[in-house]
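Every chain is numbered from 1 and lettered A, B, ... according to where its sequence line falls, protein lines coming before strand lines.
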Amino acid sequence: MSDQALPGAPVTETATAEEPAAGGRPVPFRGGGFVPKTKFWLGPIVFVVIIALLEWGTRAGVISALTLPRPSDVLATFVRLWETGLLWDHLVPSLTRFAVGSAMGCTAGVMVGIAIGLFTYVRAGLVPVVAAIFPIPKIALLPLFVIWFGIDEGSKYALIALGTFTPMVVATYGAVDNVDRTLIRMGQSFNLTWASIVRKIVLPGAMPGILSGLRVSLAIGIILLVAAEMLGANYGVGAYIVEAGYLFDLERLFAGVTILSVLGVTVSFLLGQVERRVLRWRV
Amino acid sequence: MDLALDAVSHRYGAVEVMRDITFDVPSGRIVCIIGPSGCGKSTLLRFLGGLERPGAGRVLQLGTPPSDSLNPLTYIFQDFALLPWRTVEGNISLVLEDHGIGGDRAEAIVADVLARTKLADFRTALPKQLSGGMKQRVAIARALAVNPAVMLMDEPLSALDSQTRELLMDDLIGLWTRAPFTAVYVTHNLAEAVRLGHRIVVLSRRPGQVREQVTIDKPLGERGFADPDLDAIQRHLWSLMREEAMAADQELVDV
């Protein structure tokens with residue numbers, strides 16, 4: 001309160017001189033930067049420029065046809081896929097596998113992650129197990145899964161589920177650890193039940209971390225989708241790519257890879273929409 | 001309902017943080033606890049509300065809380081502790097939901113406490129849209145919603161700028177004058193203590209002990225800005241605390 005001006009204190013003279021003293025220099029600006037902004041138009045432009053360069057390069061002969069297929073040929077292959085209806089024959093089983101596998105893996109991962117975040121014994125028991133499973137390349141386990149779950153859909157679901165499970169566990173328990181403890185103490189001080197605290201404070205508080213974990217997990221899910229379809233699948237985007245690879249049919253290979261890229265971008269876009277809705281409260 | 005501390009002592013490992021603290025909180029009165037940093041003021045408040053257990057001594061409730069009190073011992077936190085994903089009314093209904101209060105009854109309580117804290121226009125705002133003073137008003141409204149027997153206030157105004165602090169102090173005095181509540185008010189700000197406290201408990205530096213208890217008889221409503229009586233008390237409190245604060249400031253922290 002000592003910083004308030006006393007009433008009746010002499011008014012200091014107001015600034016009169018407009019021009020700075022002779023020889024004054026403006027203070028150099030040193031701030032700015034480090035605040036990347038979203039420019040929605042730039043991403044598509046970069047894509048278009050890259051594709052246009054490739055198209056030009058392959059037509060002009062700078063890039064040989066053996067190195068990279070011509071983008072327009074890839075597009076033609078894609079259109080043929082569409083017209084023959086083969087696209088859906090490949091896409092529907094792949095999307096089903098991706099959806100079922102990652103739904104199983106992510107749900108289990110979130111539940112185990114929350115349990116690790118809340119219970120001492122679960123944490124002590126399972127964190128080392130998760131740390132041991134995480135670095136295993138899941139593709140290496142595919143033959144094992146074929147024995148356990150059969151060569152049909154079972155082994156594919158299992159592979160994708162296991163691959164999305166571990167990053168989801170790690171992201172979730174990290175997120176639970178980061179929930180503001182003062183909010184939990186607040187809940188206790190108002191006599192909220194344990195279940196209420198978990199449902200109304202811990203879960204929403206962990207949501208930002210869970211959603212960013214989901215981004216990583218789903219990307220891994222797409223990678224493993226292809227791996228799962230390398231063995232014993234006649235249909236599926238992965239099977240399509242692998243077959244094209246064996247035949248060195250680069251147009252088809254790239255058409256398949258493009259489908260996966262589009263799938264990844266779509267998943268990422270959908271997650272962005274979910275984040276915008278669910279995390280509206282974030283500063 | 002009264003609260004009493006009976007010979008409470010506590011240590012964290014080898015560090016003795018408080019020793020033999022005894023005082024009581026009479027009903028309808030505001031008891032302020034002041035002391036240098038690290039003397040265990042906030043820990044004491046956590047003992048009073050049962051969020052932490054003292055190493056020795058007892059915390060006692062004398063008498064039964066009124067039957068319409070949903071949560072007899074209710075905190076108001078320094079950092080507000082509002083759920084950022086709930087609106088103002090959502091934050092208040094949060095503490096009613098677990099008591100099975102919903103629908104019209106919850107609506108009536110929420111409307112009442114928002115009116116008392118002048119927040120009626122901000123019902124659907126999210127905490128991120130509110131200023132610090134408004135957030136603390138929401139926390140006060142939330143505390144009032146459960147009709148507490150004792151309010152436990154942990155430096156409630158310390159995160160606010162000095163002008164907002166003055167406004168909120170006036171609000172608290174207004175609330176108390178209309179419906180006297182019991183409160184324990186922890187602060188390091190002597191001006192707040194002499195404005196709001198009926199009794200001021202001065203703690204020494206670590207290990208915290210009761211140095212002196214000062215009673216101020218002047219009614220809360222008559223205590224103004226720059227009141228000479230209060231200034232005298234504030235100077236007395238400062239003379240008690242000055243050396244403690246200096247010594248506390250120069251201690252090495254290894255907790």
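Of the options B/Thr74, B/Leu73, B/Leu70, a side-chain contact (heavy atoms from CB on, under 4.5 Å) to A/Phe190 is made by B/Thr74 and by none of the others.
B/Trp85 places a side-chain N or O within 3.5 Å of a backbone atom of A/Lys200 that can act as its donor or acceptor partner. Judged by distance alone, the side chain of B/Asp98 and the main-chain N or O of A/Leu192 form no donor-acceptor pair under 3.5 Å.
Heavy-atom neighbours of B/Arg105 CZ from other residues, nucleotides or ligands within 6.0 Å: at or below the threshold of 12. A 6.0 Å sphere centred on CZ of A/Arg277 holds no more than 12 heavy atoms belonging to other residues, nucleotides or ligands. The environment of CZ in A/Phe47 is sparse: at most 12 heavy-atom neighbours from other residues, nucleotides or ligands sit within 6.0 Å.
Heavy-atom distances place the side chain of B/Arg86, and not its backbone, under 4.5 Å from chain A. Heavy atoms of A/Ile201 lying under 4.5 Å from chain B belong to its backbone as well as its side chain.
Between chain A and the options B/Asp79, B/Val146, B/Val95, heavy-atom pairs under 4.5 Å are most frequent for B/Val95. Put simply, of A/Val278, A/Leu183, A/Leu279, A/Asn191, the one with the most heavy-atom pairs under 4.5 Å next to chain B is A/Leu183.
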Would A/Met186 and B/Leu83 count as a side-chain contact (heavy atoms from CB on, under 4.5 Å) if you check the C-alpha gap in whole Å, the side-chain angles of each, and the deciding distance to 0.1 Å? CA-CA 10 Å; A/Met186 182 278 292; B/Leu83 301 185; 4.0 Å; yes
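When every heavy atom of A/Ser189 is checked against every heavy atom of B/Phe77, the shortest pair comes out as OG-CZ, 3.8 Å. For the residue pair B/Leu126 and A/Arg280, the shortest heavy atom distance occurs at CD1-O, 4.4 Å.
A salt bridge does not link A/Arg185 to B/Asp154: none of the charged nitrogens lies less than 4.0 Å from a carboxylate oxygen.
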